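A note on names: the letters A, B, ... follow the listed sequences, proteins ahead of strands, and every chain is numbered from 1. All heavy atoms count here, side chains included; hydrogens, waters and symmetry mates do not. Given the structure is predicted, the values throughout are model-derived calculations rather than measurements.
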Number of protein chains: 2
Amino acid sequence: MLDNIYLSIYHDLVNQIEQGSLPPDSKLPSENELAVQYSTSRETVRKALHLLSQHGYIHKIKGKGSFVLHVNKFNFPVSGLVSFKELTKRMRKKATTKVISLKRGRPSPYIATQLNISRTEEVWEVIRVREIDGEKIILDKDYFRSFIPPLTVEICEDSIYEYLDQTLTVGISFAKKFITIESITEEDQAWLDHKEYPMIAVVRNYVHLEDNTLFQYSESRHRPDKFRFVDFARRA
Amino acid sequence: MLDNIYLSIYHDLVNQIEQGSLPPDSKLPSENELAVQYSTSRETVRKALHLLSQHGYIHKIKGKGSFVLHVNKFNFPVSGLVSFKELTKRMRKKATTKVISLKRGRPSPYIATQLNISRTEEVWEVIRVREIDGEKIILDKDYFRSFIPPLTVEICEDSIYEYLDQTLTVGISFAKKFITIESITEEDQAWLDHKEYPMIAVVRNYVHLEDNTLFQYSESRHRPDKFRFVDFARRA
DNA sequence: AAGTGGTCTAGACCACCTG
DNA sequence: AGGTGGTCTAGACCACTTG
């Protein structure tokens, strides 16, 4: 919506690919043609195509053209900051989120360390259980620094990210995720339908704002049989 | 080494960051200054900085400048096509690779499906065990389409990717990784020091060449306590 | 030879941050 | 006001593919 030409071209082409008017293996118009179509310069078109390429939508071949990839066979997001809500929407599953606890207060030493703040600075703590097809699959523990706008149970049941995107003045910039596999804890056992699996997949996520401050730490604890992580990586 | 200006600027800055002459939180010269330093245009400098940003080395703030991130705290690659050899070199561990079997022949139905080829087309099969600090931790099963240059045990003990990078005329373009957690198989038990862990982390990797053909399928099976996957993701 | 994407230039205007 | 990064333009030359 911004007056950003290359982003609007990008979104337009993404739509065409997802709607099917640009099917897999089909060839996009050449960069020069697109520049004329969108009344812009070729470099600007190239910026849009670069984004499509980075996100796994197209593939460019020198001398030949740009071609649509058939990636979304698994209907899954390319690795990135994708919220649970977006994710389940794509997978067309019945998914619900139950808020176990929501409070603001002093962090534990562990959380203070993870967020790299002093123990006297208050944090928001949100603990949620994600249910998919009637089974409690994911235990989400989120910790936010207290300068974010106040959270409510309704927001946490919906999408915290949507809320923050709309209310935060400074945007989200980048995140680091660490995936490990650990022994199940009593807390996991208490909240999840763990089916005797002794281990759990843990995704630790450190989210930074545009000014580089770390503002969120989260642990997403997944029952191993339902865990799935996808990574799309381009070379160089 | 190519006559590629922005790549050489990128590599130069990566070196400065990794050597420490550009420490974390320090500010890079402005884009205009870099353009003068490298005797090139600002857009070319920006291309290099964009790469640094994508790979988690720097962080740009409008109106202020570009700053070095302190990411490599965990000394781990940003998600991508990183080989075992590069990986262990960074972690400074004693790591060895043992080739269990190396052969060329008809694929199993499963492998033919994964590689999306007919069962009559031969494939290379490489099965390897990765040992770290004396423990057999990872079972790697690699399948290559037969048009690649011939493999030897020596190559497989070193780095298949380095070999392919040097010998393949058409380069590697992109890869999709799928991470799941599964029950341990008899094959895993036979080759790994599995320590009674009943589950195993499986990374399935589909690697494509620049002409978009899928040329490799691999399964990397990790003992859960040693498994670690890192993902760096930028927003938008 | 013509078309394609890959790289590069030398400008330009803007929004943002700092003095 | 001056510096910064973000976007955009209208050219240019190159390497690659195809007819």
The first and last nucleotides of DNA chain C lying within contact of chain A, meaning any atom under 4.0 Å from one of its heavy atoms, run from dG3(C) to dC8(C)
Take Lys64(A) and Leu7(A), find for each the nucleotide of DNA chain D with the closest heavy atom, and name the residue whose nucleotide sits nearer the 5' end. Leu7(A)
Can you tell if the side chain of Trp124(A) reaches within under 4.5 Å of the side chain of Arg145(A), non-hydrogen atoms only?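 A side-chain contact under 4.5 Å is absent here.
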Could you check whether the rings of Phe174(B) and His208(B) sit parallel, tilted or perpendicular, using 30° and 60° as the cut-offs?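 Parallel, since the angle between the ring planes stays under 30°.
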Using distance alone, with no hydrogens and no angle criterion, decide if [X] and [Y] have a side-chain donor and acceptor under 3.5 Å apart.
X	Y	value
Tyr110(B)	Tyr217(B)	yes
Asp211(A)	Thr213(A)	yes
Tyr143(B)	Glu219(B)	no
Glu43(B)	Tyr6(B)	no
Arg128(B)	Thr97(B)	no
His59(A)	Ser173(B)	yes

Counting any heavy atom closer than 4.0 Å, what does Leu49(B) reach on the DNA or RNA strands: base, sugar-phosphate only, or nothing? nothing
Are Lys62(A) and dT17(D) close enough that a side-chain N or O sits under 4.0 Å from OP1 or OP2? no
Mind listing the residues from residues 25-44 of chain B sitting with a heavy atom below 4.0 Å of DNA chain C? Number order is fine.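 Here the set is Thr40(B), Ser41(B), Arg42(B), Glu43(B), Thr44(B).
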